[in-house]
Each structure stands twice: as C-alpha cells, then as structure tokens.
Amino acid sequence: MMNIVERKNNGLGDAFSAGSRSATAPSRRPVAFESFGEYMAVKEQKLRVQQQDDAMASVGVLQVARGPLWGVCVWVDGRTDPPRDALRTLVTQAGGRFETYLHRELVTHVVGTHFARGRAMELRRAVQTRRGGATRPLYVVKPAWILDSIRAGRPLPEWQYGVDEISRDSRQTVLPVSRPGCVPSEEDADAMSRLDLPPSVPCGPETPIESNTSLTEEESAASESSEHWQSDKMECTDFGVSTSAPTMAYALRGLLSSRENPHFVRDFFAQSRLHFIGSFRETYETILRRLQSDRQPSSLDRMPQTLPRRDRFVLHVDMDAFFVSVSLAKRPHLRGKPVAVCHSGTGEHSRAEISSASYEARARGVRANMFFGEARRLCPELVMVPYDFSAYKAACEVLYRIFFAEADLVEGVSIDEAYLLLQHCSEVERAEEIASRIRQRILQEIEGCTASIGIGRNKLFARLATKYGKEKLGKGSQFVLIDRAHPDGFGSPMGAALRSFLDEVPIRAIPGVGWSTEARLRDAMKATSGSSQDNEVLLVASVREHFNLEGLEKLLGSANGNRLYRFLDGMDSRPVQPIGPRKSVSAQIGWGIRFLSTEEDKVRSFMIDLSLVAR
DNA sequence: ATCCTCCCCTAC
DNA sequence: TAAGGTAGGGGAGGAT
Ligand SMILES: [Mg+2]
Ligand SMILES: [Mg+2]
C-alpha cells in the first residue's frame, strides 16, 4: 500500500509524510467489507497453494516436502537483507510456508531486523503469551536464521538469531522527499539536500501550504534513517516496493497496473467509490465556502449546542439508496426495477463490488458490498448502473442547502447524511412538520431522491429512529423516538417505552460498536457467564444486563466503555456540532500497486502524484 | 502527570 | 476484468 499523510502540528507548520506499508491481516478488520474478509481468505489460500506449486515446480516435490523448513511458517516484517522476495523463494523451496499477513494462529517465525516500537511491543507480548501457553511458540528471528537453517539442512536453534533491536527504541523511518508546491521545513530541506532526489516541480503560487514532505517506509524499515539512504543508493532503489504488491499472485496489466499506466493515480481515484465517500470532508469544505459566499442567512457559523433540552429536537437525515437514486434520475425507465451501482457488472462471476442497491434489489437479497456476480445469481434481472460522482456531488450541495435553510444547526456526517438541531421547538408535532418539509423539498429539488428522517431528543435516538424507519417502513420514512409519556422529558431514567425499544436493538446498531467491539463483548460475556448463544444477535438488553460501568470501561477503555454504558441507558451527551476544517489530509492506494524493484523512478513519480491528491 | 508514537477501531 | 479511501477518537505504554 502507498500512502501520504499531512497533519497539523503544534502550530509549527504541517508534518507531511508518505510511504508504503505492508499490510497486517485485513481479516481482523473487515468492518466496512463484511464480504471482503472471505474474499481475502480465498485469495490468500490460493496464494499459499500457488507458492507451494511454484516451489515444487522449480526444485521438485520431494525436495520441498523434505525441506528443512517443513512446518515452519514465516512472516517478514519491513526491509530485510536478503529482501522479502528472495526470502519467500528460499522459504517455500525449503518446504516452509510464507504468509502475506501476520496471522497469529499460523505464523511460527517472524523475520526482520528492525521493528518499530509499536510492533516490537506487540511481538514481545505475542512471544510471552505463546511461550507459556499450549500453542506453538512464536519466534522472532533475523533473516540469517533462514539462510543458516537451509544451509544446515534443519531448523537451527532460534535463540542465536534473536533480534536485539526488538527491545530498543526504533521509530518508523521517515524519508524526506519534496512535495511539489510546498516549502519544506529547514530540517527536512537539510535532509533532502543529502538525498539524490529530483527538484520540486514548481506549482502555482496559490496554496502556499507550509509543509514538509517525506516518505516513510512504514513497518520498521532501517532505523539508520537518512544516513542509511544517503550511503546506500541501492536501498533507496527499492523504496516503497517491499509491500504487499509482489505477493499478489497475478500480474495486473495495462491500465490496471501502477507500473504500466503512467496515469494510474489519477485513473484510480476517478473510479474509486471509497475515495469519493472518503473525500466528504473536502467536498463539504468546498460546499461551505460556496454557501458562505452566497450570504444566505442560515445556520452557518453557529455554535455547538449541548443536549438535551426540552425545547430541542435532533433530526437525523439519511438519503435512501443515494447513489442508485441519483443515477436513476437520468434513467427513469429503470425506476422500480432491481438496480445496483457498481463497475462493469458483466457476467455471473463479476467481482465488481456493489456500492448501492435499489430497494427492489434489496428485496431480492442484494446488498451493498456484495460482488455483482453473486448478486446476479440472487436476482438475474439485476441491472448495473455506473457511478456518477459529479452528480452525487451536485445532489449533495442541494441537500446541504436545504439543511442549512431549514435547521438551526447542521452537523454533516457524510455525502448523504446529517444531524440537524431544531431549537426553540417544544412540540414534537412541530419537529415532525419540519422533517416532513425537508423530505418534501428533497423530493422536489433532488431528482429521483427520497430521504428518511429520524427524530429524537439526542443523536442516539435520532440515528436509531432513521435506521428503524428504513428497515420497517422503507424509503421516505419518518420515525419518532421520544418518550411520549413525558413529551418534554429526556435523560434518565429513560421512559419505559424507549427502554423497551432500546432493549431489542442489536448492539451492533449502537454508534461506536463495530465488528471488533461486538466480538469483545461476546467473548467477555461467554467467559464470565458461559452464556453461549453464539449465532444469536446480541441485543442491548443482554449487554446492559451483563455489564456494569466498570466492566465496560475495563473491556473497552474508559472513554469508550463509559460512552457505551450511557448509550445503553439512552443517554447521549454528544452535541450537534458543526464540523470544522480537517486536522489532517491524506491519500492512499492499496489496489493494483505493482512495481519492480528496479523501477525507482516510477515509484517516485507515483508518490508525487499521490501527494498531490491529498488536499 | 503529561506527551508522544504507533497502533486499532469506527463511520460513511 | 476493476478501481480494498479518508478522517477522527482513543488506548497502551514508553519517553519526558
Ligand atoms: Mg444513505
Ligand atoms: Mg449514509
């Protein structure tokens, strides 16, 4: 993966860094890609088989099966000598396995020479726990262990090859490099002058951001830093290349490959839905600037308001199947049909990921993040509609114009979603009227689009109301979650109606509870009470029943635990808050990265292109 | 104590 | 064929 980050410092100018990193197991963090973990697992398995096949093809089946590293499973961290590619060949031909990701259950030997502090601590912990436990031990060794073991024809004792640096301070290496149009800090200018890098490409006088640019080789590269780079030009040559890229089994060609398409960065971002979604803050800043210059009297520039109060309501507005709806405005003949937005949906085996599915498609089981081919098997009439990012952006601007005109305070969440605060609004009927008007305006002013709105006394209930409304009532829904027995009531204790609603909410629907938190809650509950309803949906009620405040704080950390604890009781003190300017900007690509270790110039120009995207 | 770094997690 | 990004909050634990 290649990445660039620029963040605000303590007023001393901006730090800017870029680099490449090898991946840690993405299966641990499927978060947004429920189906993606499975996809990766299949891909990794194919890769293991292929690596073994390759090894057997080149040195023979017997040689591999009787190899000295049979039963050994290696994972390489950071830059090594010999490089990762060479180690892979050596290991697989000696009967060992070579993992792309640090799967803790599989890997027996971590190979490296220098480790970043964080990684070092992590490994130290892993070594400790595995030493005492019933599982196989985990070794952290230098690359020489592999070479010597192969030479000796058997795995040598690991202790002679321990990595001393694992316990010493070793920060991630930062390689200073110039970002076009930016003034490097003195320190970095000095560092750069010692490097053999091309001069900055001059760039317009506008946006004279004070920033320094640097390339990091993450995952603990050589800790000698710039001296190392200065003295060893060959090292510099394979900068940014020791990534997950060469481990991918297949070669991408033509425009899909970073090494064959000189406009790869531009082309990739022009097509990436995640880039588009992720660029919301940038889009939003642009929209805000435009609205401000229009001088519309509106809720711009208001201060955040503490919640709750009896005369305040929170609306949560979320567009229904946003991408599909916008795309269908130009294709009215497809309305009412099962439609999905994705790239090139041809064939039953398409691996294009669906970004948005129409409600008709959802009724047939089609979901976002599904491969198009899979969806096609569920619903053969499914129609593919291409992305139209600029149309989404235009719709977004209209949407926010409506928000700012109708609400007292706006907190943008995403391209199609926001929290609105209604102040001086005592009756829920009034809040419902405003919500209806907003939905009506969206219907009229954004062609083909409907929105769902949730109404509550705080963000938590507003959000849950939208979710529930969409699920039970479908698109264009409006749903209220307040305590009707105490119409101006809020806080604790929560009314009985709200409480029993909350009881039945899946814990995963609570803000901040994702894939990992749910698993931790599950595990903790299983460990103490042995209650093992494994495939049951975990509900708020059972989590509330099982944990006290201390328990949650211990499990999730003090801030997260405390917040969840309050959410379980319907309490949410997060204010509706206008979002300010970003504290950092970044750009990264983890798709289609292929470089040869001889292509330093290509890598360099790739990184420069990438740095220009982060703005 | 507080800061800093390197993560992990979450949301869209 | 197919486009696995972006930003923020927060925790662990060593450095100061
Ligand atoms: Mg939506
Ligand atoms: Mg949304």
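All values below were derived from every heavy atom in this structure, side-chain atoms included, with hydrogens, water molecules and symmetry-related copies excluded. The model shown is predicted, which means the values in this text are computed figures rather than measured ones.
Heavy atoms of A:Gly590 sit under 4.0 angstrom from at least one base atom. As judged by a 4.0 angstrom heavy-atom cut-off over every strand, A:Arg563 is placed among residues making no nucleic acid contact. Residue A:Ala270 is classed as having no contact, given no heavy-atom separation below 4.0 Å to the nucleic acid. A:Glu417 comes within 4.0 angstrom of sugar-phosphate atoms only, judged by non-hydrogen atoms across all strands, and of no base. In this structure, A:Ile589 reaches the sugar-phosphate backbone alone: every heavy-atom distance under 4.0 Å involves primed, P, OP1 or OP2 atoms, never a base.
For the pair A:Phe404/A:Leu288, a side-chain contact is recorded, criterion being any heavy-atom separation below 4.5 Å from C-beta on.
Counting all heavy atoms, side chain and backbone alike, A:Leu460 lies closest to A:Arg574 at N-NH2, 3.8 Å.
Side-chain proximity of A:Arg582 to C:dA3, C:dG8, B:dC12: nearest is C:dG8. Considering only the side chain of A:Ala352, C:dA3 comes nearest among C:dG9, C:dT6, C:dA3.
Between A:Ser516 and B:dC9 there is a side-chain N or O to OP1 or OP2 distance below 4.0 Å.
Per the geometry, CZ belonging to A:Arg273 stands 17 Å off P belonging to B:dA11, to the nearest Å. Rounded to an integer number of Å, the gap from CG of A:Leu556 to P of C:dG9 is 18 Å. Remark: P of C:dG5 and CD1 of A:Ile4 are 14 Å apart, rounded to the nearest angstrom. The separation between A:Phe276 atom CZ and C:dA3 atom P is 16 Å, rounded to whole Å. Between the P atom of B:dA11 and the CG atom of A:Asp416 lies a distance of 15 Å, rounded to the nearest Å. Atom CG of A:Leu460 is separated from atom P of B:dA11 by 12 Å (rounded to the nearest Å). As a whole-Å value, the separation of A:Arg520 CZ from C:dG11 C1' is 9 Å. Here the P atom of nucleotide B:dT10 and the CG atom of A:Leu521 are 10 Å apart, to the nearest Å.
Under the 3.5 Å distance criterion, with hydrogens and angles disregarded, no donor-acceptor pair is assigned to the side chains of A:Ser327 and A:Tyr387.
For the pair A:Pro581 and A:Thr346, both in contact range of DNA chain C, the more 5′-proximal nearest nucleotide belongs to A:Thr346. Looking at which nucleotide of DNA chain C each of A:Cys342 and A:Ser558 is closest to, the 5′-most match is held by A:Cys342.
Note on A:Arg401 versus A:Glu397: salt bridge recorded, some NZ/NE/NH1/NH2 to OD/OE distance being below 4.0 Å. Ionic pairing of A:Arg281 and A:Glu285 is not present here: no N-O contact between side-chain nitrogen and carboxylate oxygen is shorter than 4.0 angstrom.
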